[in-house]
A.B. asks: 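Sharing a structure, written as C-alpha cells. Questions coming.
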Number of protein chains: 2
Amino acid sequence: MADQSAPPSSESLLFLTDEQLRKGIEAMFFAYRGFTADPDRILEERGYGRAHHRAVHFIHRSPGTTVNNLLSILGVTKQSLNRVLRTLIEDGLVESKVGTKDKRERHLTLTDKGRELERALSDAQRNRMRDAYRKAGPEAVQGFRQVLVAMMDGDMRRHYLALKDAGQ
Amino acid sequence: MADQSAPPSSESLLFLTDEQLRKGIEAMFFAYRGFTADPDRILEERGYGRAHHRAVHFIHRSPGTTVNNLLSILGVTKQSLNRVLRTLIEDGLVESKVGTKDKRERHLTLTDKGRELERALSDAQRNRMRDAYRKAGPEAVQGFRQVLVAMMDGDMRRHYLALKDAGQ
DNA sequence: GTTTTAAGTCAGCCTTGTTGACATTCCAAG
DNA sequence: CTTGGAATGTCAACAAGGCTGACTTAAAAC
C-alpha cells in the first residue's frame with residue numbers, strides 16, 4: 001500500500017539541490033509552528049500542554065484504546081504519559097475502565113467534557129489545515145500527504161496507516 | 001459522511017471532510033517525528049539538543065547574524081537562547097564578534113567545528129528529505145512546499161521567505 | 001545628558017521528557 | 001496450584017528547554 005505508484009524510473013532524476021532540500025527542511029520547521037499555534041493557545045487557557053492534546057486526540061480517535069497502545073503511538077514512556085493521563089482523569093476529561101476480558105488493561109475513552117476540549121482543539125487545527133489546503137490547491141494536497149508519509153519512520157507509518165480512514 | 005472515497009481529482013472545489021483534514025493533521029504529527037529523528041540521534045551522541053540544532057542551523061544559514069535576529073526567527077526568549085548559545089560558544093562551535101558599526105551587537109558565525117556539526121545534522125536531514133521527495137515524486141514536492149508555506153503564521157512566513165533562496 | 005536598545009546574567013518556575021526501583025494485579029503455562 | 005511474566009501504576013530524582021522578572025553594561029540615538 002505504501003509505494004506502488006509509478007516509480008520515477010524513466011526520468012528518475014529529481015534535480016534536488018542542497019538548497020532546495022534546505023528550503024524544504026525550513027518549511028517543515030516554520031510550518032510546524034503554525035500547525036501547533038492555535039491548539040497551544042487553547043490549551044494554555046485551560047492549563048494544559050501539548051502532551052494533553054496528543055493524548056486527547058488519540059483517545060478520541062481510537063476510543064477504548066489501552067494505555068500500552070497509546071504509549072506506542074505517542075512514543076513516550078509510561079511514566080510520562082501517566083502523569084498527563086492522571087490529570088486528564090482527575091479533571092474528568094478521560095475515563096479509564098478496567099478491561100473485561102483482560103482486567104490488567106485499562107480502556108480509555110473521552111467523557112463529554114473531554115470531547116468538548118477535543119472539539120475545540122481539532123476545530124482550530126482543522127480550520128488552519130483547511131485554509132492551507134485551499135490556498136495551496138487540490139493537487140498540492142495530494143503531494144503534501146505523499147511527502148509526509150514518505151518522511152515517516154516505519155513504526156510511525158504503520159500507526160498512521162492503521163488509523164481508521166474514511167478514504168483518501 | 002456517506003461516500004467521499006473519490007479523490008477530488010482536479011476539481012477546484014475541495015471536498016475537505018473532517019476525516020481528510022484529520023488525516024492531514026496526523027500525517028503532520030507523525031512526519032515531524034521522522035523529520036527530527038536522525039538529527040536527534042546525532043545530537044544526543046554529542047550532548048546537544050534540538051535547541052542547539054536550531055541555533056546552529058540558522059547561524060549557518062545567515063552567517064554574521066545578530067542575537068536579536070536569531071531570537072525573532074526562533075521565537076524564544078533571549079534567556080532561553082542565551083543558555084544554548086553560551087554552551088555553543090564555550091565548546092567552540094560558534095564565534096561571537098562585537099559589531100564594527102554598532103558595537104552593541106554581537107555577530108554570530110560558525111567555527112570549523114561548528115560547521116562540522118552542521119554538516120552532520122543537515123546531511124542526515126537532507127537525506128531523509130531527499131528520500132521522501134524521491135518516493136513521492138516531483139509533483140508532490142511542489143504541493144508539499146505550497147501547503148507548508150500556507151500553514152505558516154505571517155511572521156514565520158516572512159522569515160522563511162527572507163532566507164536566501166538559490167531558486168526553486 | 002537622558003533615554004532607548006542590544007546583549008548578557010541571575011534566580012526561579014513549569015512542562016514534559018528521561019531512568020530506576022518497586023507494588024499490584026492477573027493471565028497463562030507448567 | 002504455583003509461578004513467571006505482562007500490563008499497569010506509582011514514587012523519586014533528574015535534565016532539557018521553555019518561561020518571567022529583575023538587573024547590569026555598553027553603546028547608540030535623540
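From a predicted model like this one, the values you see are computed outputs, not experimental measurements. Numbers restart at 1 for each chain; the letters A, B, ... are given by sequence-line order, proteins then strands.
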A.B. asks: Could you please name the option among D/dA28, C/dG8, C/dG17 that lies closest to any side-chain atom of B/D102?
C.D. replies: D/dA28
A.B. asks: At a heavy-atom distance below 4.0 Å, what parts of residues 73-94 of chain B sit against DNA chain C?
C.D. replies: B/K78, B/Q79, B/N82, B/R86
A.B. asks: Is B/E118 salt-bridged to B/R54, going by a charged N under 4.0 Å from an acidic O?
C.D. replies: no
A.B. asks: Nearest-Å distance, CZ (A/R50) to P (C/dG17)?
C.D. replies: 10 Å
A.B. asks: Looking at A/R119, I'd like to know if its CZ atom is crowded, meaning that more than 12 non-hydrogen atoms belonging to other residues, nucleotides or ligands lie closer than 6.0 Å.
C.D. replies: no
A.B. asks: According to a strict under-4.0 Å criterion, is A/R106 in side-chain N/O contact with OP1 or OP2 of D/dG9?
C.D. replies: yes
A.B. asks: Using the side-chain heavy atoms of A/A51, tell me which of these nucleotides is nearest: C/dG8, D/dA27, C/dG17.
C.D. replies: C/dG17
A.B. asks: Surrounding CD of A/E90 (heavy atoms of other residues, nucleotides or ligands, distance under 6.0 Å), is the total greater than 12?
C.D. replies: yes
A.B. asks: Are the aromatic rings of A/F30 and A/F35 close, with centres under 6.0 Å apart?
C.D. replies: no
A.B. asks: Using a strict 4.0 Å threshold on nitrogen-to-oxygen distance, state whether A/R126 and A/D123 make a salt bridge.
C.D. replies: yes
A.B. asks: Within the structure, does a side-chain N or O atom of A/N68 lie under 4.0 Å from either OP1 or OP2 of D/dA6?
C.D. replies: no
A.B. asks: Measure up the B/Y48 and B/H52 rings against each other and bin them: parallel (under 30°), tilted (30 to 60°), perpendicular (over 60°).
C.D. replies: tilted
A.B. asks: So, OP1 or OP2 of C/dT15: does either fall under 4.0 Å of a side-chain N or O from A/H52?
C.D. replies: no
A.B. asks: Are the ring centres of A/F29 and B/F58 closer than 6.0 Å?
C.D. replies: yes
A.B. asks: Measure the distance from CG on B/L70 to P on C/dA6 and round it to the nearest whole Å.
C.D. replies: 14 Å
A.B. asks: In whole Å, I'd like the distance from the CZ atom of B/R104 to the P atom of D/dC30.
C.D. replies: 10 Å
A.B. asks: Counting only heavy atoms and a strict 4.0 angstrom limit, can you tell me which residues of residues 38-47 of chain B come near DNA chain D?
C.D. replies: none
A.B. asks: Please report, rounded to the nearest Å, how far the C1' atom of C/dT15 is from the NE2 atom of A/H53.
C.D. replies: 16 Å
A.B. asks: Write down the distance between CG (B/L108) and P (C/dA6), rounded to a whole number of angstrom.
C.D. replies: 14 Å
A.B. asks: Closer to the 5' end of DNA chain C via nearest nucleotide, is it B/L71 or A/Y48?
C.D. replies: B/L71
A.B. asks: Are the charged groups of B/R145 and A/E26 less than 4.0 angstrom apart, N to O?
C.D. replies: no
A.B. asks: Where the side chain of B/E105 is concerned, which of C/dT16, D/dG9, C/dA7 is the nearest nucleotide?
C.D. replies: C/dA7
A.B. asks: Check B/R128 with B/D131, please: is the shortest side-chain N to carboxylate O separation under 4.0 Å?
C.D. replies: no
